[in-house]
Amino acid sequence: MDYKPVPTVVPRNPFDPASDSQELRDAMRGLGTDEQKIIDVLTTRTNGQRQKIRAIYESEFESDLIDDLKGELGGHFEDVIVALMRPPVEYLCKQLHAAMAGVGTEEATLVEILCTKSNEEMQQIAVTYEDQYGRPLAEQMCSETSGFFRRLLTLIVTGVRDNLDTPVDAEQAKDQAAQLYAAGEAKLGTDEEVFNRIMAHASFAQLRLVFDEYKELSGQTIEQAIKHEMADELHDAMMAIVECVQSPAAFFANRLYKAMNGAGTDDATLIRIIVCRSEIDLETIKQEFERIYNRTLHSAVVAETSGDYKRALTALLGGA
């Protein structure tokens, strides 16, 4: 399946960063803050454009735009705006660090960020994380996770996955499918090392062939096999890889649904996905959300949020 990602945020044209910088300054001066003006400017520019606005703002007013925004805003609305202002890789590193800080670890956040990335994206994250926190991401993660789940994430973080430009190999896919079958359904117990090695090393394009071959060989989908053979965090990580190979939009639509389903809202996940995917495939995610859950993502967000926080998220969604 050819995945066709459609964003909701595209480059502003014409774009005048000096004018935008002044508008943001004006929105924060005097009594009160013009939150709508901040939303109008920052949700309709790409991150690259926002970085240009930030640079001009600092040069013109000798003040950091993020610091000024934090001084004027609060709550989840502030979280959205600050997320928009950080370079994407830096923002994801902050999210990873937060997921591993303090007591307990947010394994679902680690899975969402790490298992959905190409090798090139993963290398950027690993370098940036060490720059920001003075400790290798793999080392930090090893102290927070365990077992085969830790082994899988370590393989992904250390960059063993084939790059995007690695040619797919149909014969190798048959062999890899046979290895997965032999390591799981064809034996008593499961050889998780084989699953880890193939799922962490093969490119997403290669894995797509492997999953097709697996169904041809076993008569079952790879999802069915993972459900039978894996449990807990390892199961979730494997399923995240499978879903992102087949349809990243469906994976993120499911994550958004879970973030808003039941008592309370997982605001951190809601913000992270909407902000991070807005320039990649948020329009596609909206379509998948409606297809799977028979309601619009816009209506779900409106029901779970309020005020400026709601206005910022719905602006990034690009309307209903």
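Asn254 places none of its side-chain heavy atoms less than 4.5 Å from the side chain of Phe289. Here the side chains of Thr116 and Ile241 are not in contact, with every heavy-atom distance at 4.5 Å or above. Looking at Asp281 and Pro248, their side chains come closer than 4.5 Å, going by heavy atoms from C-beta outward. Contact annotation: the side chain of Asp236 never approaches that of Asp232 to less than 4.5 Å [non-hydrogen atoms, C-beta and beyond]. Contact annotation: the side chain of Ile39 approaches that of Phe77 to within less than 4.5 Å [non-hydrogen atoms, C-beta and beyond].
Within a 6.0 Å sphere centred on NZ of Lys52, other residues, nucleotides and ligands contribute 12 heavy atoms or fewer. Remark: Asp165 CG is packed, more than 12 non-hydrogen atoms of other residues, nucleotides or ligands lying under 6.0 Å away. The number of heavy atoms from other shown groups lying within 6.0 Å of NZ (Lys215) does not exceed 12.
A donor-acceptor pair under 3.5 Å is formed between the side chain of Gln49 and the backbone N or O of Thr46. Although no hydrogens or angles enter the test, the distance criterion places a donor-acceptor pair under 3.5 Å between the side chain of Gln224 and the main chain of Thr221. At distances below 3.5 Å, at least one donor-acceptor pair connects side-chain atoms of His201 with backbone N or O atoms of Arg197. Within the 3.5 Å criterion, the main-chain N or O of Ser118 finds a donor-acceptor partner in the side chain of Glu121. No donor-acceptor pair closer than 3.5 Å links the side chain of Arg295 to the backbone N or O of Glu290. Here the side chain of Asp79 pairs no donor or acceptor atom with the backbone of Ala268 at under 3.5 angstrom. The backbone N or O of His298 sits nowhere less than 3.5 Å from a side-chain atom of Lys286 that would complete a donor-acceptor pair. Checked by atom type and distance alone, the side chain of Arg161 never pairs as donor or acceptor with a backbone atom of Ser203 at under 3.5 Å. Side-chain atoms of Asn163 do not come within 3.5 Å of backbone N or O of Thr166 as any donor-acceptor pair. Between the side chain of Ser278 and the main chain of Val275, a donor-acceptor pair closer than 3.5 Å is present.
No salt bridge links Asp266 with Lys258; every basic N to acidic carboxylate O contact stays at or beyond 4.0 Å. Using a cutoff of 4.0 Å between basic side-chain nitrogens and carboxylate oxygens, Arg311 and Asp308 are scored as salt-bridged.
Note on residues 83-112: pairs passing salt bridge (charged side-chain N to carboxylate O under 4.0 Å, His left out), not counting sequence neighbours, are Arg86-Glu90, Glu112-Arg255, Glu112-Arg272.
Partner of Gln36 under the side-chain hydrogen bond (donor to acceptor under 3.5 Å, both in side chains) criterion, chosen from Asp40, Asp34, Thr33: Asp40.
Contact between Ala237 and Val111 at its shortest, heavy atoms only, is CA-CG1, 3.8 Å.
The aromatic rings of Tyr181 and Tyr214 sit perpendicular to each other, their planes meeting at more than 60°, with 30° as the lower class boundary.
There is a side-chain donor-acceptor pair under 3.5 Å between Tyr57 and Asp68.
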Would you mind writing out the side-chain donor-acceptor pairs for residues 129-137 within the sub-3.5 Å range, not counting sequence neighbours?
| from | atom 1 | to | atom 2 | distance (Å) |
| --- | --- | --- | --- | --- |
| Arg135 | NE | Glu139 | OE2 | 2.9 |
| Arg135 | NH1 | Gln140 | OE1 | 3.4 |

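A cation-pi arrangement is found for Arg25 relative to Phe61, the charged atom lying closer than 6.0 Å to the ring centre and inside a 45° cone about the ring normal.
Rounded to the nearest 0.5 Å, atoms CG (Asn261) and CG (Leu256) are 12.0 Å apart.
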